[in-house]
Amino acid sequence: MYMGSNPWQATQEEKKLVAATPTAHCIQLTQEEADTPVWRQVLSNGSLDEDDVEIRDASSVGDMNDLDNDGQGDNFSDLDNEPSNDEGDAHCLQEGLKLRDYQRELAKAVFSGRNGIICAPTGSGKTRVAVHIILEHLKKKPDAKIVFFARTVPLCKQQYQAIKNHLPENYQTKILMITGGSQTNRSLHILLPHYSVIVLTPMILVNHLCGQEPLLREGISAFTMFIFDECHHTREGEPYNNIMYYYLKEKRRARPDHPLPQIVGLTASIGVEKADSLEEAIDNIMSVCGNLDVDHLATVKWHQDELRATVPEPQELPPRQLETRLYEATSRINDIVAVLESRARHYADQANDANVKTLMRSVPSSKKHPEYCQWAVKLRTAAQEADLRDNKRAMRNIIIIADYLQGYHFALDSIDLSQVHDVMKYLRRYFSKYGNNEYRAIQEDNFYQMFKDLEEVVSRQRANNNPNLEILATILRQYVVHNGTDSRGIVFVRTRMLADALVSWLSRCGENDLIALNAKKFTSTNVPEDEGGGRIIMVTADSSNLTKVCNLCKQVTVQSTAVRTIYEKHRVSIDRDLLNKIKILTTEEWQMDELNFVGQAVCLGETEANKICGNGLGYVIKHKGFPFLTLGIKNIVIASDDQQPKTYKQWKKVPYYIQELTNEELMNYATM
């Protein structure tokens, strides 16, 4: 039952009894969680029945920021990794484990017992290096307790098998894997004495360390080594950071009878988050190193040629794009956008809707920036959801204007790397739904006439070569054409429109060497399927004009710009409005990838008067204490403005990139 807003009038004995007896299929929250804005929304909007929620006291994992900076590895320095002539430390317990010289160089960096991060490119064999470190550690300490952390269940399974394959025979029965879905996920303290190497998802250990009476009484000192896969995730709010909280807490106590485990991190790149300067980038790197308490970073120095030969790195060319001012079309489109924005402000004043007026006061200045497209989508959504009883015509005009603005944004974003012919071809297709409507209202006809006038102006222009296309042609010849038929290239662009335009230009440019590249596009609604593909692929992560909708009622929607991944696997909505359009049917709580699945989400879209859709949209999960809706791919369709809706059976078949949820986005979602 929900005991948040109305104090339950009962005796202390009754309260204790209820606290000790979990309600069946009941979502259990701490008072702190229940007080967050996102949970208050769910608890007040009817998504959950009161009997399906129980507010309980709970001990929570402390914040690393509560610790002072003493003992957090502030003497960071790069270790001298020059190899010695002593081959003893390169000895492997298992003859089958063969290492390259650069892998031995990386492993040697932590053989002294110091905490360190091993940083090497993807595909360089960091797991093999970790196995070598594990073997050497077991050689020195036969009674060692080593934990290898991986962030997701699939990664745990993969790393468990890789490590086990190279362990000597006498350790084959001494390796254990425990994940959130394991029946043994609360039994680490019982199983630990019988195993030497344990592969875990991080929250398993956190759950054994937290609370006033932790399951693992020895705490961190029960282990001799921690290896963190993808250690760059050791940041505030991440499970890895929670583990290091207990480590640093024990380090501050400095108890001789409680030795600390050695820390080893593995990463392809520590990352700099959203740093805008060198100083911020250094601070971000140092933050991860401090959180892991490491004092050196191991990279390949002495065997770089071998590394490059083993893991070829693609050349990333910096953009050399010029802003073209050759086209009158650019200035004409900007003029049209200004007029449409002015009309939208006029209709917003007429309609007097608070959300729409707020958006019209915060129009992004750059019409090319993705932020402008996101703003146009928000404006259209706000107008669609406004009360239309008194202002139906004004809101309809705003919806149409927002759609025009979105189309013109794509044109402006692409025109510096396209021919005007391709830009206009895209706009004709994008606005065809308005041109095909013979019964347009007067204002709607005015909006469409602006586009027709633009077409007429462009048709009178003499075709000009785009200097940026000439730059691109030079680059393609230098790095692809002249390097033989086995060479390949990827051109990353922001929008599908630009991908279409570049493929079209390469196919008709009249230059046989460029035409022979057989350029293909890989966009949010198109995957090159012909065998062999092209030597040049245009890739775009754009999904800004895609909408995911309930496949039954077609009423409940979420924009793709409001979808993120958690642990690069679970697709969740960060649109809080979606929580008002679902009913949560609580289920027995279960765990996967450190996420708690607490109920099913069904669609509340109306199919007819007083009838709801009831389609299952996915599961509701608790992530870091907050509710998220994971979207089930089988019950939604993916629709775009200029393509037919599509359905997919698996998320991995949906061919566009979804960004990982950041801590900043999580906090905005949960607390705003």
Side-chain angles (χ1 to χ4, degrees), residues 58-64 67 115 130 133-134 137 143-160 163 174-253 258-267 288 291-294 566-567 590-596 622-625:
S59 58
S60 59
V61 176
D63 189 339
M64 286 182 65
L67 295 172
N115 294 349
I133 292 170
I134 289 172
H137 190 72
D143 59 345
K145 301 295 180 184
I146 305 167
V147 179
F148 188 105
F149 294 106
R151 295 172 61 242
T152 66
V153 173
L155 283 176
C156 261
K157 292 179 179 178
Q158 175 184 326
Q159 303 292 39
Y160 167 80
I163 296 169
K174 297 289 187 179
I175 180 170
L176 172 70
M177 179 181 69
I178 305 178
T179 66
S182 306
Q183 293 182 349
T184 55
N185 60 15
R186 300 286 291 179
S187 304
L188 175 61
H189 58 302
I190 300 173
L191 298 169
L192 184 60
H194 307 289
Y195 294 91
S196 300
V197 182
I198 304 99
V199 181
L200 297 177
T201 46
M203 285 305 295
I204 298 297
L205 183 56
V206 172
N207 292 337
H208 281 73
L209 296 174
C210 66
Q212 295 180 349
E213 296 184 6
L215 294 172
L216 195 62
R217 295 185 181 277
E218 305 96 318
I220 290 291
S221 61
F223 307 96
T224 58
M225 176 178 282
F226 284 166
I227 300 177
F228 291 89
D229 193 25
E230 297 183 323
C231 69
H232 51 276
H233 290 286
T234 314
R235 301 182 185 276
E236 184 178 356
E238 294 284 350
Y240 282 176
N241 221 35
N242 292 338
I243 291 171
M244 290 307 299
Y245 162 80
Y246 290 103
Y247 173 96
L248 294 171
K249 185 177 180 180
E250 184 61 45
K251 182 175 181 178
R252 287 186 61 197
R253 293 175 179 173
H258 285 69
L260 294 170
Q262 182 183 0
I263 304 296
V264 179
L266 307 175
T267 184
V288 172
N291 290 345
L292 284 167
D293 194 36
V294 302
I566 295 177
Y567 300 145
W590 54 283
Q591 194 177 61
M592 177 191 294
D593 296 338
E594 314 306 335
L595 304 176
N596 293 325
K622 279 179 65 179
H623 175 52
K624 299 183 180 178

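None of the values given here were measured: they were computed from a predicted structure.
- Considering only residues two or more places apart in sequence or on other chains, Pro154 meets the side-chain contact (heavy atoms from CB on, under 4.5 Å) condition with Thr152, Lys569, Asp593.
- Side-chain atoms of Asn242 never come within 3.5 Å of backbone atoms of Val206 as a donor-acceptor pair (strictly under, hydrogens ignored).
- For the side-chain contact (heavy atoms from CB on, under 4.5 Å) test, residues two or more places apart in sequence or in another chain that qualify with Pro239 are Pro202, Met203, Tyr567.
- Rounding to the nearest 0.5 angstrom, the gap separating the CG atom in Asn291 from the OH atom in Tyr247 is 12.5 Å.
- In this structure the side chain of Val264 reaches within 4.5 angstrom of the side chain of Gln262, judged on heavy atoms.
- The CD atom of Gln158 lies 10.5 Å from the CD1 atom of Ile163; values are rounded to the nearest 0.5 Å.
- By the 30° and 60° cut-offs, the orientation of the rings of Phe223 relative to Phe226 is tilted.
- At distances below 3.5 Å, at least one donor-acceptor pair connects side-chain atoms of Asn115 with backbone N or O atoms of Ile263.
- The stretch residues 213-226 participates, sequence neighbours left out, in no salt bridge (charged side-chain N to carboxylate O under 4.0 Å, His left out) pair at all.
- Taking each heavy atom of Lys145 and Tyr195 in turn, the nearest pair found is NZ-O, 2.7 Å.
- Glu238 is linked by a salt bridge (charged side-chain N to carboxylate O under 4.0 Å, His left out) to Lys624, counting only residues two or more places apart in sequence or in another chain.
- If you take CG on Leu200 and CZ on Arg151, they are separated by 15.0 Å, rounding to the nearest 0.5 Å.
- Leu205 contributes atom CG, which lies 12.5 Å from atom NE2 of His189 (distance to the nearest 0.5 angstrom).
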*Met244 and Leu292: CA distance, side-chain angles, deciding distance, side chain to side chain contact (heavy atoms under 4.5 Å, CB included) verdict*: CA-CA 6 Å; Met244 290 307 299; Leu292 284 167; 4.2 Å; yes
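- Leu209 and Gly219 make their closest contact through CD2-CA, 3.7 Å (heavy atoms, listed as atom of the first residue, atom of the second, distance).
- Scanning for side-chain contact (heavy atoms from CB on, under 4.5 Å) contacts around Tyr160 gives Lys164, Ile175, Met177, Val199, with sequence neighbours left out.
- How far NE2 of His233 is from CZ of Arg235: 9.0 Å, rounded to the nearest 0.5 Å.
- The side chain to side chain contact (heavy atoms under 4.5 Å, CB included) test with Phe149 is passed by exactly one of Ile198, Asp229, Leu266, Ile243: Ile243.
- Listed here is the closest heavy atom pair of Ile220 and Pro261: CG2-CD, 3.2 Å.
- Residues Ile178 and Leu191 form a side-chain contact, since some pair of their non-hydrogen atoms from C-beta on lies under 4.5 Å apart.
- Using a cut-off of 4.0 Å between Lys/Arg side-chain N and Asp/Glu carboxylate O, Lys251 and Asp293 are scored as salt-bridged.
- The two atoms that bring Leu215 and Asn207 nearest to each other are CD1-O, 4.3 Å, heavy atoms only.
- No side-chain heavy atom of Val197 sits less than 4.5 Å from a side-chain heavy atom of Leu176.
- No side-chain heavy atom of Lys622 sits less than 4.5 Å from a side-chain heavy atom of Leu595.
- For Thr267, the side-chain contact (heavy atoms from CB on, under 4.5 Å) partners are Ile117, Cys119, Cys231, His232, Ile270, not counting sequence neighbours.
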| Intermediate values then yes/no, side chain to side chain contact (heavy atoms under 4.5 Å, CB included), Thr179 and Ile204 | CA-CA 7 Å; Thr179 66; Ile204 298 297; 5.6 Å; no
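- Checked by atom type and distance alone, the side chain of Tyr245 never pairs as donor or acceptor with a backbone atom of Tyr240 at under 3.5 Å.
- Rounding to the nearest 0.5 angstrom, the gap separating the NE2 atom in His208 from the OG atom in Ser187 is 6.0 Å.
- With hydrogens and angles ignored, the 3.5 Å screen pairs no side-chain donor or acceptor of His623 with any backbone N or O of Ile566.
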